[in-house]
Number of protein chains: 2
Amino acid sequence: MVTLAAVARRAGVSEGTASRVLSRTNSRVPISASTRARVEQAARELDYHPNAAAQALSSGRARALAVVIREQARWRGSRPHHIFSGYNLGEGLSGLQEGTHQAGYRLVLDTVDEEALASPLDLWKSRVVDGVVLWQLAAPEALITAGCPLLSLGVVGPGAWIAADERGAGQVATEHLLSLGHRHIGFVGARVSHYYGSYQRLAGYLAAMRAAGLTPEAAPVEILSEEEGRAAARRLLERRPQLTALVAMNDLLASGSLTAIRELGFRVPEDISLVGIDDQRIAPYLCPPLTTVRMPNYELGQIAAHYIIALVEASSTPGQPEVPPPTLIQRASTAPPLSRQDH
Amino acid sequence: MVTLAAVARRAGVSEGTASRVLSRTNSRVPISASTRARVEQAARELDYHPNAAAQALSSGRARALAVVIREQARWRGSRPHHIFSGYNLGEGLSGLQEGTHQAGYRLVLDTVDEEALASPLDLWKSRVVDGVVLWQLAAPEALITAGCPLLSLGVVGPGAWIAADERGAGQVATEHLLSLGHRHIGFVGARVSHYYGSYQRLAGYLAAMRAAGLTPEAAPVEILSEEEGRAAARRLLERRPQLTALVAMNDLLASGSLTAIRELGFRVPEDISLVGIDDQRIAPYLCPPLTTVRMPNYELGQIAAHYIIALVEASSTPGQPEVPPPTLIQRASTAPPLSRQDH
DNA sequence: GTGAAAGCGCTAACAC
DNA sequence: GTGTTAGCGCTTTCAC
């Protein structure tokens with residue numbers, strides 16, 4: 001193993017100087033250009049890689065962040081699988097990894113089942129990570145009282161949190177239908193507990209409807225499943241036959257709604273238009289391909305990385321960052337209303 | 001911060017003894033029950049969490065593994081996204097995380113763009129991780145010469161590698177069609193370079209066809225895209241009008257094949273049956289829902305964790321592990337052949 | 001600007 | 001069985 005001492009020896013300087021040249025953190029001291037060059041060359045020639053554990057121990061910073069992901073309480077086949085598979089988490093993780101890597105931090109992956117958030121606490125207390133990013137997860141009390149820098153994504157605090165413009169997504173979806181000429185638009189998926197997005201997306205829908213002077217009509221859903229989406233859409237369409245369009249709180253519910261619409265003998269988009277939110281991987285494969293709203297997941301990940309790193313390094317709360325707006329992805333599930341609405 | 005010294009003091013023992021009681025690694029020495037109890041209680045009372053950096057520095061083991069994931073060279077919208085989003089990586093990561101966590105190791109997430117595998121090398125040389133798991137990625141020469149314990153998943157070595165029974169998957173898919181009564185079965189997706197699965201799945205198809213005394217008919221594909229799948233399926237069906245069924249090398253190609261089949265005026269499954277492989281998230285949403293073969297991704301992840309940890313701790317190659325077989329997931333895209341085959 | 005030296009918290013080899 | 005002690009490789013005062 002090549003140590004700092006070896007580099008220092010070869011460059012003809014002391015360990016302290018070599019450290020000052022080579023480490024990002026310790027560089028508040030001016031160094032002469034020639035010394036710097038000699039040290040850097042020696043490091044290169046020796047293929048020096050600083051020992052992360054030694055750096056962490058000595059500096060008190062691990063230069064690592066934890067991403068915590070909830071284990072889904074649902075099963076596929078007979079094996080557990082994490083929320084990984086859905087919600088475009090991949091995009092978010094990409095962004096997080098990108099931002100994290102750029103800043104010279106590492107990302108430690110952690111998963112937790114429902115409420116047992118012991119493992120991120122342990123990662124923090126063991127100084128494995130300097131901070132924690134919680135994916136669609138509210139900060140547990142224990143982590144907060146432990147003083148761990150943390151950031152919840154897509155969920156309201158306690159503690160710092162950021163989210164995409166979920167309300168805007170509901171609005172974008174609704175306004176798209178409005179601009180197509182729809183006047184009787186329902187919402188599938190109100191009231192999913194603990195999920196920030198569900199509340200805000202509904203709020204966006206309500207705002208858009210009211211701004212257009214129209215009466216909103218929303219059907220609640222207890223959990224996020226296709227089956228629930230199907231049932232809710234069915235109830236909505238039976239209760240309000242004048243509806244010509246539906247906004248679904250997310251693509252999964254949209255998928256269920258599609259089934260309900262078809263079961264009632266309607267065609268999409270001729271009789272009923274449908275918009276989802278999320279632009280999940282399944283969206284283009286639904287029949288017809290689903291018009292939906294894409295959330296800035298990648299960017300949210302990047303922003304989260306910057307935010308938590310600022311929090312870790314400055315131990316002062318950064319300002320609320322700007323998140324790019326959701327965008328409409330137009331596919332084949334929406335069209336202008338036919339005459340059905342005329343009665 | 002609560003240190004080992006504090007625990008030792010409170011328990012009335014030396015640091016060495018406390019360490020022996022509390023650390024998994026250092027426990028080859030017998031300890032009296034009463035001492036052990038006293039130390040454990042003291043640790044509990046003080047809420048002691050060993051400093052990971054100090055442990056790593058002192059022991060020379062980080063108790064961490066890297067998972068390396070390739071950055072996809074394709075774009076979605078205008079942002080990069082990783083292979084995360086596809087190939088049921090989520091299931092595999094779950095299994096990996098599970099196995100890793102159980103053994104008291106952590107998982108460090110790393111992504112690389114195509115061939116630049118510098119960052120896992122750096123993780124290893126900096127002693128951030130004790131070993132590396134490469135997801136659908138061949139081991140780069142540099143990592144091997146560096147002596148890093150590593151394991152490639154779903155790809156043939158150099159270095160250790162494990163994969164699911166890809167050949168079996170091809171066979172299962174083909175045999176399903178055979179058992180339905182099909183005799184003219186084509187294969188979409190031969191010859192995708194560098195991908196172990198593509199070769200083996202084709203081999204499984206060929207074996208099943210030959211075992212049934214039938215003539216195989218495979219269409220090559222250059223890259224894994226729906227468009228390529230569509231083109232290949234079209235070529236195949238035009239060249240061999242007697243075909244009544246298709247096996248696609250994976251669900252993405254199956255999706256493209258579905259389009260081609262429909263474009264040629266055939267119905268699925270009445271005129272043409274179609275089987276995919278992977279059971280990706282999109283599979284149940286295709287029209288009709290795709291019959292496909294599920295790969296044991298979760299288990300593969302778990303097995304990988306055990307394997308690499310054995311490699312790290314024993315520095316001896318474990319035996320080739322048993323991976324559960326692929327299983328057929330029957331949905332609506334397959335049925336017995338109609339009379340078309342009779343001419 | 002640079003060197004010397006004191007730890008960071010833990011493990012492990014060695015005594016007893 | 002348990003205590004003592006010498007580091008692990010780096011950062012960071014404090015001198016000069």
Side-chain angles (χ1 to χ4, degrees), chain A residues 1-40 42-43 46-64 104 122 124-128 130 313, chain B residues 1-40 42-43 46-64 104 122 124-128 130 313:
Chain A
M1 158 167 271
V2 180
T3 65
L4 226 210
V7 174
R9 211 176 311 121
R10 177 177 254 255
V13 299
S14 74
E15 259 189 272
T17 301
S19 169
R20 283 186 281 260
V21 172
L22 262 15
S23 81
R24 321 189 168 219
T25 42
N26 200 7
S27 300
R28 291 297 78 201
V29 190
I31 301 276
S32 82
S34 78
T35 306
R36 148 158 282 126
R38 284 210 320 289
V39 171
E40 281 171 345
L46 261 31
D47 189 29
Y48 170 69
H49 290 255
N51 181 306
Q55 285 185 311
L57 180 58
S58 178
S59 69
R61 306 221 144 291
R63 297 196 78 80
D122 189 61
W124 159 250
K125 289 200 166 166
S126 298
R127 299 280 179 251
V128 173
D130 302 318
E313 296 190 339
Chain B
M1 159 168 267
V2 180
T3 66
L4 226 211
V7 174
R9 211 176 311 121
R10 175 177 257 254
V13 299
S14 73
E15 258 190 273
T17 301
S19 169
R20 282 185 283 260
V21 171
L22 263 14
S23 81
R24 317 191 171 220
T25 43
N26 199 7
S27 300
R28 291 296 78 200
V29 190
I31 300 276
S32 82
S34 79
T35 305
R36 150 157 280 127
R38 283 211 318 289
V39 172
E40 281 172 345
L46 261 31
D47 190 30
Y48 170 68
H49 289 255
N51 181 307
Q55 285 184 311
L57 180 58
S58 178
S59 69
R61 304 220 144 293
R63 296 196 79 80
D122 188 61
W124 159 249
K125 288 200 166 166
S126 298
R127 298 280 180 254
V128 173
D130 302 318
E313 296 189 339

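Keep in mind the model is a prediction, meaning the values are calculated, not measured. We name chains A, B, ... by the order of the sequence lines, and we start the count at 1 in each one.
- To the nearest angstrom, P of dG9(C) lies 10 Å from CZ of Arg127(A).
- Pairs engaging residues 47-56 of chain A under the side-chain hydrogen bond (donor to acceptor under 3.5 Å, both in side chains) rule: Asp47(A)-His49(A), Asp47(A)-Lys125(B), His49(A)-Asp122(B) [sequence neighbours left out].
- Residues Ala64(B) and Val128(B) share a closest heavy-atom pair of CB-O, 3.5 Å.
- If you take CZ of Arg63(A) and P of dC8(C), they are 22 Å apart, rounded to a whole angstrom.
- Rounded to whole Å, atom P of dC8(C) lies 14 Å from atom CG of Leu4(B).
- Closest non-hydrogen pair, Glu40(A) versus Val21(A), comes out as CG-CG1, 3.9 Å.
- Residues Ala33(B) and Ala54(B) each lie close to DNA chain D; by heavy-atom proximity, the contact nearer the 5' end of the strand is made by Ala33(B).
- Distance CZ (Arg9(B)) to P (dG3(D)): 14 Å, rounded to an integer number of Å.
- Among the protein residues, Ile31(A) comes within range of the sugar-phosphate backbone only, with heavy atoms under 4.0 Å from sugar or phosphate atoms but none that close to a base.
- Ser59(A) contributes a side-chain N or O that, together with a main-chain N or O of Arg61(A), makes up a donor-acceptor pair within less than 3.5 Å.
- The OG atom of Ser14(A) sits 12.5 Å away from atom CZ of Arg9(A), with the distance rounded to the nearest 0.5 Å.
- Listed pair Gln55(B) / dT11(C) meets the phosphate criterion, a side-chain N or O lying under 4.0 Å from OP1 or OP2.
- For Ser19(B) and dT11(C), the shortest distance from a side-chain N or O to OP1 or OP2 is below 4.0 Å.
- Taking both residues in full, the closest heavy atoms of Leu57(B) and Ala53(A) are given as N-CB, 3.7 Å, listed atom of the first, atom of the second, then distance.
- A side-chain contact (heavy atoms from CB on, under 4.5 Å) with Val13(A) holds for exactly one of Val39(A), Ile31(A), Val7(A); it is Val39(A).
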Protein N or O to nucleotides 3-7 of chain C N or O, pairs below 3.5 Å:
residue: dG3(C); atom: OP2; partner: Ser14(A); partner atom: N; Å: 2.8
residue: dG3(C); atom: OP2; partner: Ser14(A); partner atom: OG; Å: 3.1
residue: dG3(C); atom: OP2; partner: Thr17(A); partner atom: OG1; Å: 2.6
residue: dG3(C); atom: N7; partner: Arg20(A); partner atom: NH2; Å: 2.8
residue: dG3(C); atom: O6; partner: Arg20(A); partner atom: NH1; Å: 3.2
residue: dG7(C); atom: N2; partner: Ser58(A); partner atom: OG; Å: 3.3

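- If you measure from atom NE2 of His49(A) to atom P of dC10(D), you get 12 Å, rounded to the nearest angstrom.
- Across the protein-nucleic acid pair, Asn51(A) atom CG and dC8(C) atom P stand 18 Å apart, rounded to whole Å.
- Taking every side-chain heavy atom of Leu57(B) into account, dC8(D) is the closest of dT11(C), dT2(D), dC8(D).
- Rounding to whole angstrom units, CE of residue Met1(A) and C1' of dG7(D) are separated by 15 Å.
- Under 4.0 angstrom from either OP1 or OP2 of dC10(C) there lies no side-chain N or O belonging to Ser23(B).
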